[in-house]
Amino acid sequence: MQTLKLASDKFFKVVDGCKFEVCCPESGAAALVDRLARDFWQVAVRVTEGGAKAAPDCDEGYTISVSATKTVLIAKTLRGIRHALFTLRQLAESERGVATSRASFILPCVAIDDMPALAFRGIHLCFFPPPETMYAAIERQIRLAAYFKFNHVVIEPWGSLRYPSHPEFSWPNHSISSGEFRRLVRLAKELGLTPVPKVNIFGHASAARSHNGKHTLLDFHPEFAPLFEPDGWCWCLSNPATRTFLEGLVKDLLEIFDNPSFFHLGCDEAGDGTCAICRRANYPALLKDHLLHCHALLTKHGARPMVWHDMFVEKGDKHCTRYVACGTPGTVSILDDLPKNFVVCDWRCNLADNDRRTGEPSWATLRYFIDKGFDTLGCPWYDIANTLAFGRGVRKYGAMGMHETTWLVKRSRHVYEEFAIAAWAT
Ligand SMILES: [Zn+2]
């Protein structure tokens with residue numbers, strides 16, 4: 001349940017020595033409040049540990065009680081306490097009626113019970129090679145994700161990472177080391193986010209957007225052409241050297257991300273193989289073997305694979321005309337042979353016109369994958385109506401959660417706010 005009540009017309013002053021009481025069975029809650037108060041308001045608060053109190057029945061839920069003399073925070077976990085502090089940061093105003101103010105803020109006296117509607121709230125961040133995405137910008141996006149109470153952050157390097165196994169799979173002079181990348185992973189964890197790596201193991205093999213015609217590997221190393229289909233868009237699945245190369249990338253990311261619980265394998269907007277070998281092969285069998293091999297590698301390291309959904313819906317499927325479908329009869333046929341711990345990411349950037357009129361799409365693809373037994377995530381982009389409708393659809397059909405996409409940084413600022421409403425509000 002989510003409630004917010006104004007308790008009085010008074011304010012609590014957030015200044016040095018102001019009183020906070022924290023009630024949380026996990027150790028470190030008082031230290032967390034102390035640290036975040038310094039970060040947010042540059043004040044040294046006085047934190048006392050309260051006794052056991054009834055906390056919201058949700059790991060990420062929290063209760064806030066602000067009076068004129070004390071602020072009390074209650075949660076079952078440190079994640080709940082952190083969310084409570086982010087809410088207070090959103091509510092706080094600088095001291096009023098003065099010319100300047102430092103380390104002095106006010107909070108309204110409120111009583112808040114809050115918890116997320118969806119358990120999985122992810123965001124996909126694109127780290128395009130600098131200067132398109134500067135290091136500070138990706139760090140800012142990670143901090144914003146935490147501030148808006150996401151709990152998973154997928155980071156896709158797009159050639160910005162010098163892989164230890166294959167440094168050539170990055171842009172010369174426009175990439176960062178694995179050590180610098182590891183710092184982003186640590187930052188995400190410190191902010192309460194679960195970091196998730198992503199590398200495309202099927203289509204989007206160029207690690208560059210299609211409209212700019214670049215190819216992260218082949219532009220500087222054309223000798224690697226045998227690893228790709230002739231147009232460079234998909235990896236060549238009939239070449240054993242492709243698997244060896246990709247294993248290197250995957251293992252690097254598993255190490256940099258400190259054995260993550262999820263690993264995004266991409267797989268969107270891909271097509272059948274076209275090279276001299278693949279076009280004669282049983283391509284669905286090649287693809288299935290490729291996915292199962294990646295699955296086994298990830299399972300060995302404790303990670304669940306995530307994949308975009310569109311190759312599993314046949315292009316032209318009359319039941320899914322308003323949804324993204326890039327599959328062939330062959331790629332669609334392998335879905336039933338995949339282990340059910342694959343997480344299917346059902347993406348749709350915009351509402352179709354018919355759905356915009358009603359605001360309640362049928363979510364044919366979402367329901368399809370749920371009915372097949374897969375944990376499924378609803379993945380919107382910047383269309384506000386689509387994002388909010390996705391949130392309702394995910395809750396209505398019992399999907400695993402939501403996974404926001406960003407793609408173009410310039411449009412990404414407001415997706416945080418809309419997604420937070422769609423994924424957190426009940
Ligand atoms: Zn091929």
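Values reported hereafter were calculated over all heavy atoms of this structure, with side chains retained and with hydrogens, waters and symmetry mates removed.
Arg79 has a carboxylate O that lies under 4.0 Å from a charged side-chain N of Asp59, or vice versa, which qualifies the two as a salt bridge. Salt bridge Asp57/Lys76: present, at least one basic N to carboxylate O contact under 4.0 Å. Using a 4.0 Å cut-off between a side-chain N of Lys or Arg and a carboxylate O of Asp or Glu, Asp353 and Arg357 do not qualify as a salt bridge. Using a cutoff of 4.0 Å between basic side-chain nitrogens and carboxylate oxygens, Asp355 and Arg348 are scored as salt-bridged. Between Glu139 and Arg183 there is a salt bridge, since at least one side-chain N of the basic residue sits less than 4.0 Å from a carboxylate O of the acidic one.
The aromatic rings of Trp308 and Trp347 sit perpendicular, their planes meeting at an angle over 60°, well past the 30° parallel limit. Using the six-membered ring where Trp is involved, Tyr163 and Phe169 have ring planes that are tilted, between 30° and 60° apart.
For the ring pair (Phe, Tyr, Trp, His ring centres under 6.0 Å) with Phe262, the lone residue among His403, His124, His152, His301 that qualifies is His152. For the ring pair (Phe, Tyr, Trp, His ring centres under 6.0 Å) test with Phe228, the passing option among Trp233, Phe245, Trp235 is Trp235; the others fail.
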Can you list the steps and then say if Glu190 with Arg35 is a salt bridge (charged side-chain N to carboxylate O under 4.0 Å, His left out)?
CA-CA 12 Å; Glu190 285 167 13; Arg35 179 165 61 80; 5.9 Å; no
Assess whether side chain to side chain donor-acceptor pair (under 3.5 Å) is satisfied between Gln90 and Thr87, documenting all intermediate values.
CA-CA 5 Å; Gln90 291 160 11; Thr87 295; 4.7 Å; no
Hey, mind stepping through Phe150 and Phe419 against ring-ring contact (aromatic ring centres under 6.0 Å, His included) and telling me if it holds?
CA-CA 9 Å; Phe150 288 79; Phe419 183 90; 4.6 Å; yes
Evaluate the side chain to side chain contact (heavy atoms under 4.5 Å, CB included) criterion for residues Val313 and Val324: first the C-alpha distance (whole Å), next the side-chain angles of each, then the deciding distance (0.1 Å), finally the verdict.
CA-CA 8 Å; Val313 182; Val324 183; over 6 Å; no
Worked check of side chain to side chain contact (heavy atoms under 4.5 Å, CB included) between Phe181 and Ile155
CA-CA 10 Å; Phe181 217 94; Ile155 308 176; 3.7 Å; yes
Checking Cys294 against Val250 for the side chain to side chain contact (heavy atoms under 4.5 Å, CB included) test, could you report, in this order, the C-alpha distance in whole Å, the side-chain angles of both residues, the deciding distance, and whether it holds?
CA-CA 9 Å; Cys294 292; Val250 170; 5.7 Å; no
Using the side chain to side chain contact (heavy atoms under 4.5 Å, CB included) rule, take Leu218 and Leu227 through it: C-alpha gap first, then chi angles, then the decisive distance, then the call.
CA-CA 10 Å; Leu218 297 185; Leu227 300 187; over 6 Å; no
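Heavy-atom neighbours of Ile277 CD1 from other residues, nucleotides or ligands within 6.0 Å: at or below the threshold of 12. Within a 6.0 Å radius of NZ in Lys288, other residues, nucleotides and ligands contribute 12 heavy atoms or fewer.
In this model, a donor atom of one side chain and an acceptor atom of the other lie less than 3.5 Å apart for Asp252 and Ser165.
For the pair Arg89 and Tyr147, the cation-pi test (distance below 6.0 Å, angle within 45°) is passed. Both tests hold for Lys340 against Phe374: distance to the six-membered ring centre under 6.0 Å, angle to the ring axis within 45°. Cation-pi contact between Arg209 and Phe128: present, with separation from the ring centre below 6.0 Å and deviation from the ring axis of at most 45°.
One distance of note links CG of Asn341 with CG of Leu298; it measures 9.5 Å at 0.5 Å rounding. With values rounded to the nearest 0.5 angstrom, Cys267 atom SG is found 4.0 Å from Ile201 atom CD1. The OG1 atom of Thr328 sits 10.0 Å away from the CE atom of Met311 when rounded to the nearest 0.5 Å. To the nearest 0.5 Å, atom CG of residue Leu125 and atom OG1 of residue Thr406 are 5.5 Å apart.
A donor-acceptor contact shorter than 3.5 Å links the side chain of Asp219 to the backbone of His215. Checked by atom type and distance alone, the side chain of Thr242 never pairs as donor or acceptor with a backbone atom of Ser238 at under 3.5 Å.
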